[in-house]
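In what follows, a structure is listed as structure tokens, so that the remarks can point back to it.
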Amino acid sequence: MEKEIKILSASRLKTLEDCAWEYWCQYVLKLPSKGNDGSARGTACHLVFEVLLNERHRHHFDKITKENTIYTSPSIVKLVKKSLNRDGFYSEENLKMCNDMILVGLNYDFYAKGGKVLCGEQEFLLESDDPEYKARGFIDKPVKYKGGVIKLVDYKTSKNKKTPSELDGDYQSMMYSLAAKDLSAKKEAGWPKNVKKIVAEFLFLRFPDDPSQQVEASEDQLKGFEHYLADAYDKINNFDRDLATSNYAKDQPRSKDGSFCGPLKCGYAKQPGQLKKNGLPMYFCEYKFPFDYYILKDKNGKQMGSAMHPDFLLKKNESDTIEKKSYEGCPAHRYLFEEPKDAFDF
């Protein structure tokens with residue numbers, strides 16, 4: 001059986017660096033993700049931006065920005081509700097938060113005054129032989145300006161902006177910059193033939209007063225990043241349990257500038273459901289503690305999907321099977337949930 005080639009993405013890179021065990025759980029074991037309302041809100045907001053960049057829907061933008069609320073457009077409200085419902089996180093609070101974040105995105109130069117929005121979302125596939133790597137992704141909103149200037153806009157719904165250390169040498173912005181150069185070289189429709197300047201702009205939708213953070217990568221940074229991509233590409237295509245246990249987030253140093261990495265990613269809960277002093281649940285990495293789950297397999301034994309409950313898995317063929325599995329928890333935190341061994345138990 002031919003080995004499946006795995007392709008890099010910005011999220012794969014970030015996960016690989018932050019915690020190799022998380023990478024193992026997410027991309028190798030393909031454990032089900034419980035998701036969260038933050039990611040659900042992000043999906044809903046991105047969907048609205050994608051729709052409103054289509055000129056046919058410009059009238060919705062006009063109504064929303066005039067009244068400063070999405071509630072003036074029943075169609076957009078319905079779209080947001082449907083997206084939140086699909087992910088299982090609809091609530092009036094989440095709908096209101098989406099409203100507030102969508103307004104930030106629409107009121108911040110949404111149609112790129114002085115430039116031209118090339119498309120609503122640009123997919124790309126980077127393929128290089130020297131150094132060897134493959135990477136893919138999506139640019140939320142590429143904008144072309146005169147003089148060969150490209151701005152690559154990415155919407156963020158996280159509650160924190162990037163710290164200086166996170167912004168400097170950011171994987172996503174450098175991958176986008178490489179993609180912009182590649183798309184121009186391939187003469188992709190609308191892209192300028194000669195790109196002279198590429199700026200990556202992150203728009204943090206929970207910061208209405210100052211949502212933008214911009215970064216521009218130098219040629220030397222991009223060349224160095226390509227070699228980093230080649231190393232990561234080789235690693236993910238030869239990933240095994242030894243690599244998975246070689247870089248736990250728990251063992252990394254705590255961030256000095258408040259970035260979300262190291263032990264902070266694990267969370268400090270000592271058991272599932274543990275509450276903080278204010279009565280709210282304590283955060284913990286979804287792969288920290290053991291749990292049971294279910295996988296869907298085809299007739300050849302290939303895993304086609306996973307879920308926390310068998311009812312969430314739909315068989316496409318009669319030969320498909322659903323199997324119960326047990327995840328044993330993160331080895332770096334096993335002391336929290338394994339019974340200590342009796343020293344005299346031989």
Side-chain angles (χ1 to χ4, degrees), residues 7-14 35 38-61 64-65 70 73 75-84 86-87 98-99 101-127 134-145 149-158 162 170-192 195 198-206 211-215 217:
I7 300 177
L8 290 167
S9 66
S11 57
R12 275 183 181 261
L13 280 174
K14 185 74 167 63
S39 62
R41 291 191 297 265
T43 299
C45 290
H46 279 78
L47 183 58
V48 171
F49 296 144
E50 177 75 11
V51 167
L52 294 185
L53 279 172
N54 188 318
E55 194 62 32
R56 292 192 301 115
H57 304 301
R58 179 72 178 252
H59 61 287
H60 292 288
F61 170 87
I64 290 169
T65 53
I70 67 169
S73 173
S75 297
I76 294 300
V77 172
K78 183 179 179 180
L79 184 66
V80 174
K81 285 183 176 181
K82 184 177 180 180
S83 179
L84 292 172
R86 184 182 61 242
D87 292 337
C98 285
N99 171 71
M101 290 189 290
I102 289 168
L103 290 175
V104 174
L106 297 185
N107 287 317
Y108 192 89
D109 196 24
F110 186 67
Y111 289 111
K113 185 177 181 180
K116 180 182 179 181
V117 178
L118 296 178
C119 56
E121 186 178 69
Q122 177 71 64
E123 184 178 8
F124 63 83
L125 174 63
L126 291 168
E127 297 182 278
K134 291 183 180 181
R136 68 157 51 99
F138 296 87
I139 300 170
D140 286 345
K141 187 173 74 175
V143 183
K144 177 177 68 175
Y145 295 91
V149 177
I150 290 287
K151 181 187 284 187
L152 309 171
V153 180
D154 187 74
Y155 296 105
K156 298 291 186 188
T157 56
S158 51
K162 291 182 180 289
D170 177 80
Y171 297 150
Q172 192 174 13
S173 62
M174 287 196 285
M175 189 176 288
Y176 283 4
S177 296
L178 289 174
K181 291 165 69 73
D182 185 63
L183 289 164
S184 295
K186 291 177 178 176
K187 300 179 180 179
E188 187 75 17
W191 286 76
V195 176
I198 302 172
V199 177
E201 180 176 56
F202 299 108
L203 285 183
F204 288 84
L205 304 177
R206 296 179 70 171
S212 175
Q213 283 186 313
Q214 297 187 10
V215 62

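Sequence positions, counted from 1, serve as the residue numbers for this chain.
Rounding to the nearest 0.5 Å places CD of E50 at 8.0 Å from SG of C119. In this structure, L8 CG and L126 CG are separated by 9.5 Å, a value rounded to the nearest 0.5 Å.
Judged by distance alone, the side chains of K162 and Q172 never bring a donor and an acceptor atom under 3.5 Å apart.
Between V153 and D140 the shortest side-chain heavy-atom distance does not fall below 4.5 Å. Contact of the L205 side chain with the F49 side chain is registered, since non-hydrogen atoms from C-beta on lie closer than 4.5 Å. Annotation: side chain of F124 is not in contact with side chain of D182 (no heavy-atom distance under 4.5 Å). You'll find the side chain of K151 reaches within 4.5 Å of the side chain of Q214, heavy atoms only. Taking the side chain as every heavy atom from C-beta outward, T43 and R86 approach each other to under 4.5 Å. Within the 4.5 Å cutoff, no side-chain heavy atoms of I70 are placed close to those of V48.
In this pair, F61 and Y111 present their aromatic rings perpendicular. The plane angle is above 60°, beyond the 30 to 60° band.
The minimum heavy-atom distance linking A179 with I139 is given by the pair CB-CD1, 4.4 Å.
In this structure F202 satisfies the ring-ring contact (aromatic ring centres under 6.0 Å, His included) test with no other residue, sequence neighbours excluded.
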